[in-house]
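Only one structure is covered here, and it is reproduced in the block below.
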Protein chains: 2
Amino acid sequence: MTQKADHQILENQLCFPLYAASRLVTRLYQPLLEQYKLTYTQYIVLMILWQNDGLSVKQIGKKALLNSNTLTPLLKRMQQAQLLERIKNESDERQIDIKLTAKGWQLKQGLACIPQQLISQTDYDTEKAKQLKTLLEQLITQLK
Amino acid sequence: MTQKADHQILENQLCFPLYAASRLVTRLYQPLLEQYKLTYTQYIVLMILWQNDGLSVKQIGKKALLNSNTLTPLLKRMQQAQLLERIKNESDERQIDIKLTAKGWQLKQGLACIPQQLISQTDYDTEKAKQLKTLLEQLITQLK
DNA sequence: TTGAATTATATCGTGCGCGATTTAAGTGTC
DNA sequence: GACACTTAAATCGCGCACGATATAATTCAA
C-alpha cells in the first residue's frame with residue numbers, strides 16, 4: 001500500500017470518531033447537567049470561572065476556544081439564570097468582566113459528583129482515558 | 001491537593017479535550033469543504049453514501065449517530081444542492097431512501113485530496129493518529 | 001492631537017444537534 | 001377486520017458554533 005493511500009484512509013477515519021465521541025460524551029453529561037438547567041458549554045464555562053473568577057469574555061474565550069459570537073449570548077443566558085454578573089471593566093470599558101454569583105459558586109458543590117458518576121456509569125478504563133487525554137491535548141496544541 | 005479536588009478542574013477532565021479537538025478538526029476541514037459549499041456534517045453523510053448508496057434516513061442515522069431531527073433538514077439542503085435524491089421506498093412508504101446524484105458522486109473525486117492536504121498542513125504524527133483513532137473507537141463502542 | 005489602526009464585545013444569519021412531539025405507515029393480536 | 005402498538009420521518013423549539021460585520025473604546029503614529 002502506498003503512503004498516500006494509507007494517509008487518505010487514516011485521516012478520513014480520524015475525523016468521524018472525534019466528532020462522534022465528542023457528541024456521545026456530551027450526551028452522557030446532559031442528564032446530569034439538566035438537573036441544574038445547565039448546558040454542556042455552560043458547564044465548561046463554569047469550570048473555567050471556578051478556577052479563575054473575574055475573567056473577561058476574551059479570556060474565557062481563549063480558554064474555551066470560543067469567540068464572543070458564541071460567548072456573549074451564552075453568558076447573557078447564564079446571567080439571566082443568576083449564575084454570574086457581567087461587569088464593565090473600569091479601566092478598559094470595552095471589556096466585560098464575568099464574576100460568579102453565590103449561586104454560580106454553589107453549583108460547584110452540586111456538580112462535584114459528576115466526574116465520578118460518569119466514571120462509574122461507563123467504567124471506561126482509567127489508563128486509556130489518560131492516554132486519550134494526552135493524545136487529544138497534543139492534537140489541540142498542534143491545531144490551536 | 002486531594003484527588004477529589006482535581007477531578008473538577010477543566011484540564012483534568014476528558015470532556016473538554018474531546019470537545020475542543022473535535023471543533024478544531026472541524027475548523028480545519030471547513031475551508032476545504034467551503035469550496036464545494038459543503039458543511040462538515042454533510043461531508044460525513046457523503047462519505048457514508050459513497051460507501052453505501054441508497055440507504056434510508058434511519059440507516060444513515062445509525063452510521064452517523066444522528067436522528068431524523070438533524071438528518072431530515074440536512075438531507076433536504078443536500079437535495080436542494082442536487083447532491084442526492086430522496087425517494088419514498090415502494091415496499092415501506094414510511095421510509096425515505098437516499099440516492100446520490102451524478103453531482104454527489106463527482107464530489108468524491110474533488111474531495112479525494114482533502115486528507116493529504118490536511119496531513120501536510122498539520123504534519124500530525126501518523127502513529128499517534130492511529131492510536132487516537134483506536135482509543136476513540138473503543139470509547140464510542142462503549143458509549144453507543 | 002487627531003485620524004488611522006487595533007481591540008473587545010455585540011449582533012446577525014445559517015446550520016447543526018437534539019429532546020419532545022406529531023404524522024403516517026406498517027405490524028401484531030384478538 | 002378493528003384497534004392498540006410500533007416504527008420512520010418530519011416538525012418544533014432552543015442553544016450552541018461560527019463566519020461576517022458592526023460598534024465602541026483604546027492605542028498608535030505622524
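So that the names make sense, note that chain A is the first sequence line, chain B the second, and so on, each numbered from 1. The figures that follow rest on heavy atoms only: side chains count, while hydrogens, waters and symmetry mates do not.
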Rounded to the nearest angstrom, tell me the gap between atom [atom1] in [X] and atom [atom2] in [N].
X	N	atom1	atom2	answer
B:Lys88	D:dA8	NZ	C1'	11 Å
A:Leu55	C:dT9	CG	C1'	15 Å
B:Ile60	D:dA8	CD1	P	14 Å
B:Met78	C:dG15	CE	C1'	13 Å
B:Leu75	D:dT11	CG	C1'	15 Å
A:Leu71	C:dT11	CG	P	14 Å
A:Arg86	C:dA10	CZ	C1'	9 Å
A:Gln59	C:dT7	CD	C1'	13 Å

With a cut-off of less than 4.0 Å, is there a side-chain N or O of B:Ser56 near OP1 or OP2 of D:dA9? yes
Distance from [X] atom [atom1] to [Y] atom [atom2], nearest 0.5 Å?
X	Y	atom1	atom2	value
A:Thr39	A:Arg77	OG1	CZ	7.5 Å
A:Leu74	A:Leu66	CG	CG	8.0 Å
B:Gln117	B:Leu111	CD	CG	10.0 Å
A:Lys108	A:Leu46	NZ	CG	10.5 Å
A:Tyr36	A:Gln106	OH	CD	11.0 Å

How would you label the contact of B:Lys76 with the nucleic acid (heavy atoms, under 4.0 Å): base, sugar-phosphate, or nothing? sugar-phosphate
Selection: residues 135-144 of chain B, any non-hydrogen atom under 4.0 Å of DNA chain C: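 Heavy-atom cutoff 4.0 Å gives no residues at all.
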For nucleotides 26-29 of chain C, which of its nitrogen or oxygen atoms have a protein nitrogen or oxygen under 3.5 Å away, and what is each distance?
residue : atom : partner : partner atom : Å
C:dG26  : OP1  : B:Glu93 : N            : 2.7

Base-contact (B) and sugar-phosphate-only (S) positions in nucleotides 13-18 of chain D, heavy-atom cut-off under 4.0 Å, - elsewhere: --SSBB
Quick one, B:Pro31 and B:Gln121 - any side-chain contact, counting heavy atoms below 4.5 Å?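 Result no, sub-4.5 Å side-chain heavy-atom pair not found.
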Take the angle between the ring planes of A:Tyr29 and A:Tyr43 and call it parallel below 30°, perpendicular above 60°, tilted in between. tilted
Do the ring planes of B:Tyr40 and A:Tyr19 sit parallel (below 30°), tilted (30 to 60°) or perpendicular (above 60°)? perpendicular
Examine distances only and state if a side-chain atom of B:Ser22 and a backbone atom of B:Leu18 form a donor-acceptor pair shorter than 3.5 Å. no
If the test is side chain to side chain contact (heavy atoms under 4.5 Å, CB included), which one of A:Leu100, A:Leu107, A:Thr101 qualifies with A:Lys103? A:Thr101
Closest non-hydrogen atoms of A:Lys99 and A:Gly54, given as atom of the first, atom of the second and distance, are CG-CA, 4.0 Å
Ignoring hydrogens and geometry beyond distance, is the side chain of A:Ser68 in donor-acceptor contact with the base of C:dA10 at under 3.5 Å?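 Present.
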Linking I/L/V/M/F/W/Y whenever their side-chain heavy atoms sit closer than 4.5 Å, directly or via other members, would B:Ile98 and B:Ile87 fall into one cluster?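 No.
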Specify the residue among A:Glu34 and A:Asp97 whose closest nucleotide of DNA chain C lies further upstream toward the 5′ end. A:Asp97
